[in-house]
There are 2 protein chains.
Amino acid sequence: MAVTDEAIERIKEMIVSGALRPGDRLPKESELAAELGLSRNSLREAVRALSLIRILDVRQGDGTYVTSLDPQLLLEALSFVVDFHRDDTVLEFLAVRRILEPAATAMAAVRIPVEELDALEGKLDALGPQPSVEELVASDLEFHRGIVQGSGNSVLCSLLDGLSGPTTRARVWRGLTQEDAVSRTLHEHRAILTALRDRDAEAARSWATVHVASVEQWLRSTL
Amino acid sequence: MAVTDEAIERIKEMIVSGALRPGDRLPKESELAAELGLSRNSLREAVRALSLIRILDVRQGDGTYVTSLDPQLLLEALSFVVDFHRDDTVLEFLAVRRILEPAATAMAAVRIPVEELDALEGKLDALGPQPSVEELVASDLEFHRGIVQGSGNSVLCSLLDGLSGPTTRARVWRGLTQEDAVSRTLHEHRAILTALRDRDAEAARSWATVHVASVEQWLRSTL
DNA sequence: TGAGACCAATACATCGGAGGTCTGGCGGCG
DNA sequence: CGCCGCCAGACCTCCGATGTATTGGTCTCA
């Protein structure tokens, strides 16, 4: 195995084993390089790779630290990966989302705080009757994120966040706004909110399914 | 932004825009470095980072190539990330799996080929009445992977594969084998197979739910 | 005495070059 | 025609030096 790959494994092992804990500072480049028995350049490649997927956080002039390792942070790299997929696999991502989103919405029905529901409704109200594409995308993203956060599962939340990345979403919306789907989507958002207020998990699940499925269907007919 | 990060974005952009397609070979280090306006060392850091998440494939003595970009390949990096999580978040990953696995099993019920079912049953038969821990883990992993592949959604398949990574699974099994859960698990596997043979999606979904939930419950009571 | 500016130490960022190693292809030899 | 060794190309690793951002202490001034 190449020295750099070995360094990646060694650093990973140090973190997994607990020798390095979240927030800990790594020895400085030169020391760590000597410790692992390689040059600074090679070590830097390892550190950079781990930095890309948010395992490490390098701060110039300060040092290199282990991140919080929150699922949210680590799965953020997922959206980077999703960006590489073209339209032909978007449907598969959307199918996964159609599984997760209703489940998350149903989970949220029994535990999301009323204040959060109020906040979400307020944001829907703030959206005018003729929102721009950018506003719609932002609103949609925020709406779903708010609900999924209400599920109380941060892994689920981050996963959906990554799957519904800006790129995918934007691609979908770009054409979707040409149709009358805008008002229908907003109506579905309202329906989901109502179901959540009623603490009706099954209704919430159904509305979420309908919501995602309608996007999926439109996309399938277009591609 | 640092030159290396910029290089990562530039390379990503080249791939997403289609300038570089799967399987394409990148210009050699020195040329690409000159083209992007940075040193080879910095470029190497960028390439190494993209290589870690399976976007690029560097072959010593040959060149650097764009991978197939299959969802399967890219989501493989997910298991690397999952490895960093400790027991306290395993439950959240398992909860996500409890959502996805039944759905995938139900999808498989209507489309998995009979030959695949035969193969899976054959593997269960090959497992003796007193399998070792390693055999059990391997069998369990292979069984679920075979079924999920039958769902026909490669994204879903890779996602579950990553979530049920060897580490997580091994941790769970290590203690689980102490109980009588072994025979129960094997029995559940048989039941899932039967439901799939009957093309009974609902039964398959239910058995998969029971299967994952039992592991989750045991884990919850142990932690 | 307290606040703000200055400065030096620290640590990462970037660079260019040199030597090593592996791969694949070309040509010679049997 | 097939096998084997040579060789050019490309990545691997390392070194040493310079640039740059942050930090924290110190010094000066009000």
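In this text, all values refer to a predicted model and were calculated from it rather than measured experimentally.
Rounded to whole Å, the distance from CZ on B/R48 to P on D/dC14 is 11 Å. C/dA11 atom P lies 17 Å from atom CG of A/L56, rounded to whole Å. Rounded to whole angstrom, the span from the CZ atom of B/R25 across to the P atom of C/dT23 amounts to 14 Å. One can place CG of B/D62 at 10 Å from C1' of D/dG9, the figure rounded to the nearest angstrom. Going from atom CG of B/L38 over to atom C1' of C/dG17 covers 17 Å, rounded to whole Å. What separates CD of B/E6 from C1' of C/dT14 is a distance of 13 Å, to the nearest Å. In this structure, B/L32 atom CG and D/dA10 atom C1' are separated by 13 Å, rounded to whole Å. Between the P atom of C/dA13 and the CG atom of A/L43 lies a distance of 11 Å, rounded to the nearest Å.
Heavy atoms of A/R59 sit under 4.0 angstrom from primed sugar atoms or phosphate atoms, though from no base atom. At a threshold of 4.0 angstrom between heavy atoms, the contacts of A/S30 with the nucleic acid are absent.
Taking 4.0 angstrom as the limit, B/S42 places a side-chain polar atom (N or O) nearer than this to OP1 or OP2 of C/dC15. At D/dT13, one or more side-chain N or O atoms of A/T4 fall inside 4.0 Å of OP1 or OP2 (strictly under the cut-off). Contact check, B/S39 against C/dG16: no side-chain N or O comes under 4.0 Å of OP1 or OP2.
In this model, a side-chain donor or acceptor of B/R40 finds a partner on the base of C/dG17 within 3.5 Å. Below the 3.5 angstrom threshold, one finds a donor paired with an acceptor across the side chain of B/N41 and the base of C/dG16.
When each of D/dA10, C/dA13, D/dT23 is scored by its nearest atom to the side-chain atoms of B/A2, the top-ranked nucleotide is C/dA13. Side chain of B/R44, nearest nucleotide from D/dT23, C/dG24, D/dT13: D/dT13.
Ion pairing of B/R54 with B/D70 is absent here, as no side-chain N (NZ or NE/NH1/NH2) approaches a carboxylate O to less than 4.0 Å.
More than 12 heavy atoms of other residues, nucleotides or ligands lie within 6.0 Å of CD in A/E188, so this atom counts as buried by the packing criterion. Residue-environment remark: CD (A/E116) exceeds the threshold of 12 foreign heavy atoms within 6.0 Å.
With B/D57 contributing its side chain and B/Y65 its backbone, the two residues share no donor-acceptor pair below 3.5 Å.
Toward the 5' end of DNA chain D, the nearer of the two residues B/G63 and A/Q60, judged by each one's closest nucleotide, is B/G63.
The aromatic rings of B/F143 and B/H189 sit parallel to each other, their planes meeting at less than 30°, with 60° as the upper class boundary.
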